[in-house]
Enquirer: 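Handing you this structure, nothing more for now.
Predicted, not measured: the structure shown is a model, and the values here were computed from it. Both counts, for ligands and for their atoms, begin at 1 and track the order of listing.
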Amino acid sequence: MTAQVIDGKALAEELRQGFKARVDALAACGHKPGLVVILVGEDPASQVYVRNKVNGCLAIGMHSEKIVYDVAVDPETVLEKIAELNADPAIHGILVQLPLPGHFNEEAVLEAISPEKDVDGFHAENVGALAQGSPRFIPCTPYGVMKMFEKGKVDLAGKEAVVIGRSNIVGKPMALLLINAGATVTVCHSKTKDLKFHTSRADIVVAAVGKPRFVTADMVKPGAVVIDVGINRLPDGKLCGDVDFAGCLAVAGQITPVPGGVGPMTITMLLANTIEAAERKAAAAAGAGK
Ligand code: NAD
């Protein structure tokens with residue numbers, strides 16, 4: 001058996017084409033979607049992510065800017081900027097690139113972003129809404145994975161799903177989305193005793209670990225859907241996921257590649273969230289007769 005490959009790059013492109021008309025319609029009524037990305041420090045990977053986010057917005061006619069601070073900046077300066085952006089009607093989404101330097105209280109920074117502009121979906125209020133099954137913004141990476149299930153026509157109801165990783169940005173929200181979609185969900189993590197026991201009986205495996213080729217073919221049930229969230233840089237400079245793609249391709253029913261899988265979907269769903277924020281703003285303004 002050779003698994004069907006879910007092409008995240010192609011799906012991302014298809015979705016972004018669809019976004020253009022929504023952006024144009026918003027711009028025409030004075031609500032051009034605007035995203036600000038805040039970066040603290042010069043971490044090379046973060047710089048690439050931020051550039052891709054800003055360029056992704058600009059490519060479909062949105063407004064986007066990055067604000068870069070020196071690594072030693074006083075957190076108060078960043079909090080003041082966030083307060084200013086919260087009040088700026090031209091900005092619909094505010095994103096602080098993580099991780100922040102050690103002298104920052106990351107939680108306090110995320111909580112400072114207005115929940116209505118929290119397009120990453122990391123604010124406690126938005127995490128709570130997601131947990132209750134009525135999300136305002138779905139965190140971009142798991143949102144992208146859900147779109148890939150949709151594209152692959154994966155019916156999640158009643159399926160056994162295993163999420164490997166319990167981070168706030170991927171594993172936990174992924175598990176909540178799968179629960180909300182009717183799957184029976186097991187969350188595995190660094191303290192899990194027998195990972196293979198769990199993965200080998202799963203219909204769906206989502207790997208978000210950060211370890212190259214961690215999920216091997218012997219851990220996967222024949223025909224399972226394997227989603228690889230991992231992005232790992234190998235010593236030769238090449239990117240690879242958390243899944244042994246070549247090995248699992250022969251066992252899985254559907255699989256996502258790295259690169260070209262979940263990665264392009266993450267930024268696409270950031271654009272989606274920002275457009276949704278602008279659409280809500282436009283609808284509220286229309287309702288208020290403005
Ligand atoms: P993280 O380091 O915050 O979390 C990793 C998780 O893996 C932890 O919950 C930990 O308990 C678990 N883990 C570690 N060792 C394990 C083991 N031996 N067995 C089972 N679980 C184990 O990482 P993260 O932010 O969730 O990111 C995970 C991966 O996804 C990274 O490679 C990251 O680069 C990638 N990522 C990709 C995207 C994307 O757009 N594709 C977005 C975010 C993160």
Side-chain angles (χ1 to χ4, degrees), residues 5-9 11-12 15-16 37 43-53 55-56 95-100 102 106-107 110 119-122 127 137-149 151 161-178 185-200 202 205-216 218-220 226-235 237-245 255-273:
V5 176
I6 307 176
D7 183 342
K9 200 168 166 222
L11 177 57
L15 291 171
R16 289 185 203 205
V37 185
D43 175 63
S46 292
Q47 283 179 333
V48 173
Y49 292 141
V50 168
R51 192 171 58 231
N52 289 343
K53 286 169 184 175
N55 288 343
L95 181 157
V96 177
Q97 186 65 38
L98 302 177
L100 287 165
E106 222 164 74
E107 207 181 306
L110 295 179
V119 284
D120 251 343
F122 295 160
V127 176
F137 292 113
I138 300 173
C140 304
T141 300
Y143 195 2
V145 173
M146 294 304 281
K147 286 284 172 197
M148 295 178 100
F149 286 136
K151 183 70 181 177
V162 166
V163 178
I164 318 175
R166 56 174 164 178
S167 70
N168 289 340
I169 64 168
V170 189
K172 280 186 204 159
M174 186 75 249
L176 287 171
L177 287 168
L178 286 164
V185 182
T186 303
V187 180
C188 297
H189 45 77
S190 54
K191 301 279 192 288
T192 299
K193 292 248 189 299
D194 186 353
L195 182 62
K196 188 175 165 184
F197 165 79
H198 296 286
T199 59
S200 57
V205 176
V206 180
V209 190
K211 294 191 171 158
R213 298 181 188 129
F214 180 75
V215 176
T216 46
D218 60 309
M219 296 165 71
V220 173
V226 179
I227 305 286
D228 191 350
V229 177
I231 301 178
N232 307 291
R233 181 121 359 232
L234 297 171
K238 289 196 178 130
L239 286 185
C240 101
D242 289 346
V243 173
D244 173 19
F245 182 80
I255 192 166
T256 66
V258 176
V262 177
M265 291 301 295
T266 295
I267 297 184
T268 303
M269 301 328 291
L270 172 67
L271 306 182
N273 278 346

Enquirer: How far apart are the closest heavy atoms of A161 and L178, and which atoms are they?
Expert: CB-CD1, 4.0 Å
Enquirer: Is there a nitrogen or oxygen of Y49 sitting under 3.5 Å from a nitrogen or oxygen of ligand 1?
Expert: no
Enquirer: Is it the case that ligand 1 has an N or O less than 3.5 angstrom from some N or O of K211?
Expert: yes
Enquirer: With respect to V229, determine whether any N or O atom, backbone or side chain, lies less than 3.5 Å from an N or O atom of ligand 1.
Expert: yes
Enquirer: Identify the closest protein heavy atom to atom 9 (O) of ligand 1: which residue and atom is it, and at what distance?
Expert: R166 N, 2.8 Å
Enquirer: Using the side chain to side chain contact (heavy atoms under 4.5 Å, CB included) rule, take Y49 and T266 through it: C-alpha gap first, then chi angles, then the decisive distance, then the call.
Expert: CA-CA 10 Å; Y49 292 141; T266 295; over 6 Å; no
Enquirer: Would you tell me which option among G230, C240, A208, G171 has the nearest heavy-atom contact to atom 6 (C) of ligand 1?
Expert: A208
Enquirer: For atom 21 (N) of ligand 1, find the nearest protein heavy atom and state the residue, atom name and distance (0.1 Å precision).
Expert: H189 C, 3.0 Å
Enquirer: Which residue and atom name correspond to the protein heavy atom nearest atom 43 (C) of ligand 1, and how close is it?
Expert: V170 CG2, 3.7 Å
Enquirer: Could you check I267 against C140 for side chain to side chain contact (heavy atoms under 4.5 Å, CB included), going step by step and ending with a plain yes or no?
Expert: CA-CA 7 Å; I267 297 184; C140 304; over 6 Å; no
Enquirer: With a 3.5 Å distance limit and no angle check, can you tell me whether N273 reaches the backbone of I138 through a side-chain donor-acceptor pair?
Expert: yes
Enquirer: Distance to 0.1 Å, residue and atom name: give those for the protein heavy atom nearest to atom 1 (P) of ligand 1.
Expert: S167 CB, 4.1 Å
Enquirer: With respect to atom 34 (O) of ligand 1, which of D242, T256, I231, N232 exhibits the smallest heavy-atom separation?
Expert: I231
Enquirer: Please state which option from L98, V209, L239 has its nearest heavy atom closest to atom 7 (O) of ligand 1.
Expert: V209
Enquirer: Tell me, which protein residue and heavy-atom name are nearest atom 17 (C) of ligand 1, and how many Å apart are they?
Expert: F214 CZ, 3.5 Å
Enquirer: Rounded to the nearest 0.5 Å, what's the gap from NZ on K53 to CG on D120? Could you check?
Expert: 6.0 Å
Enquirer: Name the closest protein heavy atom to atom 25 (O) of ligand 1, giving the residue it belongs to and the distance to 0.1 Å.
Expert: I169 CD1, 3.5 Å
Enquirer: For T266, take its heavy atoms, then give the atoms of ligand 1 lying under 4.0 Å from any of them.
Expert: 39 (C), 40 (O)
Enquirer: Answer yes or no: is there a donor N or O on one side and an acceptor on the other, between the side chain of T192 and the main chain of L195, under 3.5 Å?
Expert: no
Enquirer: Would a distance-only check, ignoring hydrogens and angles, find a side-chain to backbone donor-acceptor pair under 3.5 Å from D244 to R213?
Expert: no
Enquirer: If we check side-chain hydrogen bond (donor to acceptor under 3.5 Å, both in side chains) with T268, which of these qualifies: K147, R16, K9?
Expert: R16
Enquirer: Under 3.5 Å, side chain of E106 to main-chain N/O of L100, donor-acceptor pair present?
Expert: yes
Enquirer: Does some non-hydrogen atom of M265 fall short of 4.0 Å from ligand 1?
Expert: no
Enquirer: Tell me: protein heavy atom nearest atom 10 (C) of ligand 1, and distance?
Expert: S190 N, 3.9 Å
Enquirer: Going through the distances and angles, do R233 and L239 end up as a side chain to side chain contact (heavy atoms under 4.5 Å, CB included)?
Expert: CA-CA 5 Å; R233 181 121 359 232; L239 286 185; 3.6 Å; yes
Enquirer: Among protein heavy atoms, which sits nearest to atom 31 (C) of ligand 1, and what does the distance come to when rounded to 0.1 Å?
Expert: G210 CA, 3.6 Å
Enquirer: Go through ligand 1 atom by atom and flag the ones less than 4.0 Å from a non-hydrogen atom of G263.
Expert: 40 (O), 41 (N)
Enquirer: Classify the contact between I164 and ligand 1 as side chain, backbone, both or neither, using a heavy-atom distance cut-off of under 4.0 Å.
Expert: side chain
Enquirer: Pick from I227, D228, T256, V220: which one makes a side chain to side chain contact (heavy atoms under 4.5 Å, CB included) with V243?
Expert: D228
